[in-house]
Amino acid sequence: MNEVPIQSTGETRVSPGEWSLRLGALLFFSALAAMQLPEQQGITGSAAWAVMLAGCGTILGLLFLAAPVLSRQPTLTAALLYSLVLTLGVALVLVALPLRSPPPLQLLRLSCALFLISLFYSCLLLLLYRLVQEQSSAKLLLLLLFTLMASAPLWLGPAVERSIPGFPGVNTVIAVTPISYLAMATDYDYLHSSWFYRHTPLGSLRYSYPDEALLAIAYLAGSLSLHICRSMLNYKSRSTPEPIHSPIKEQPTT
C-alpha cells in the first residue's frame, strides 16, 4: 500500500511545536496525578495509582514512542503491535512496583481496556497523519483531543447539571472519557474521589457507569471506523488519474 509521506520536523533542533507538545504532556501528567492520587490509602489508593499510570502511559507512549514508528509504518498492524507492547509494558510496571498491584482479574481487565484505548488513539493518530501530513501538528492535535476527552467530566459537568431532568447526559459524559473505562476495569469510582467530588458536580448527581463490554465494542468499532476512513482517503488519492501528456507526432505534408 502506497502511503502518503509524512513530513517530520524532528531535526537536530527541537521545534517550538515539539516543545509545546512536551509541555502539554507534562501538564497532563501533573493534572491527572493531582486528580487520581488523592489522600487515599489501601485498595482505593492502588486503584487510583493504576488508573493514573495507565492513562498517562497511553498518551505519553503515543506521543513519544509510537508516533515516530507510526509515521514510518502507518499501518493497522503497526498500531496493533504498539498497543500490545504498551499494554504489556504498563502491566509489568504495575506488577513490579512496590505499591499494591491490582488483583489478577482487575489487572487483566485493565490490560484489555488499555489495549483498546491505545488502539483507538493509534488509529486516530494515523488518520491525523493522513490529514495533516506533519508529525508535530498531528501529535499536538492528538494531545488536545485526548485531553478534551479525558477531562470531559470537568468542562461538561456544569452543562449536564443544568440539563433537563431525566436526560441521559451524565452517563454520556462518563462514557466518552477514557479515564472512566480504565477506572471501571479496577472497580474504582473516581467521580466520588475527594478531588472530583469537590471540583465537579457529577459526584452529587445520579449516574451509572456504562457496561464494560459495550465500551469494548465501541472502542473496537471506533478503531475500525478510523482505519476505514484513512483507507478510503488513501484509495481516493491513489485512484485519482494523473493527466497524461502524449506528444502528438505531426504528419508530414505531401
Side-chain angles (χ1 to χ4, degrees), residues 1-11 14-15 17-18 20-22 24-25 28 53-93 108-150 176-178 181-182 185 213 215-242:
M1 181 181 292
N2 297 324
E3 297 282 353
V4 179
I6 300 167
Q7 299 177 3
S8 173
T9 58
E11 297 92 1
V14 180
S15 65
E18 285 291 330
S20 301
L21 192 68
R22 295 176 185 184
F28 179 85
L53 182 62
C56 292
T58 301
I59 188 61
L60 295 178
L62 272 170
L63 295 176
F64 302 114
L65 298 178
V69 177
L70 295 179
S71 65
R72 294 190 298 269
Q73 297 290 332
T75 61
L76 181 60
T77 303
L80 285 167
L81 288 176
Y82 158 74
S83 302
L84 181 61
V85 169
L86 176 67
T87 301
L88 292 176
V90 172
L92 288 175
V93 170
L108 178 62
R109 290 165 55 196
L110 181 64
S111 300
C112 291
L114 179 59
F115 175 80
L116 293 174
I117 292 172
S118 301
L119 180 61
F120 175 81
Y121 284 97
S122 296
C123 292
L124 178 59
L125 179 60
L126 289 176
L127 181 60
L128 291 174
Y129 274 162
R130 179 60 183 82
L131 295 174
V132 180
Q133 299 183 17
E134 198 275 315
Q135 282 195 44
S136 295
S137 300
K139 290 191 291 184
L140 191 57
L141 282 173
L142 180 72
L143 176 61
L144 291 175
L145 290 173
F146 189 88
T147 304
L148 283 175
M149 298 298 286
V176 297
T177 172
Y181 193 8
L182 297 173
L215 273 182
I217 295 173
Y219 272 100
L220 277 175
S223 302
L224 183 60
S225 301
L226 292 171
H227 173 67
I228 291 175
C229 233
R230 187 178 62 88
S231 299
M232 291 177 62
L233 290 174
N234 289 335
Y235 177 78
K236 186 177 179 181
S237 64
R238 291 197 307 271
S239 61
T240 303
E242 296 181 359

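Values below: every heavy atom of this structure, side chains too, minus hydrogens, waters and symmetry copies.
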Close side-chain approach of Leu233 and Leu131, heavy atoms under 4.5 Å:
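Contact flag for Leu233/Leu131 side chains = yes.
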Are the side chains of Phe115 and Leu80 in contact, using a 4.5 Å heavy-atom criterion?
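Counting from C-beta outward, Leu80 and Phe115 do come under 4.5 Å.
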Quick one: [atom1] on [X] to [atom2] on [Y], what's the gap to the nearest 0.5 Å?
X      : Y      : atom1 : atom2 : answer
Leu119 : Leu124 : CG    : CG    : 11.5 Å
Met149 : Phe120 : CE    : CZ    : 6.5 Å
Thr177 : Leu148 : OG1   : CG    : 10.5 Å
Leu116 : Ile217 : CG    : CD1   : 10.5 Å
Leu141 : Ser137 : CG    : OG    : 7.0 Å
Cys112 : Ile117 : SG    : CD1   : 11.0 Å

Leu126 backbone acceptor or donor facing Arg230 side chain under 3.5 Å
no
Minimum heavy-atom distance [X]-[Y], with the two atoms named:
X      : Y      : answer
Gln135 : Tyr129 : CA-CE2, 3.8 Å
Ser111 : Ala91  : OG-CB, 4.0 Å
Cys123 : Ser223 : SG-O, 3.8 Å
Ala113 : Leu182 : CB-CD2, 4.2 Å
Leu86  : Leu114 : O-CD2, 4.2 Å
Ser71  : Pro68  : OG-O, 2.7 Å

Hey, can you tell me if Tyr181 and Tyr219 have their rings parallel, tilted or perpendicular (30° and 60° cut-offs)?
parallel
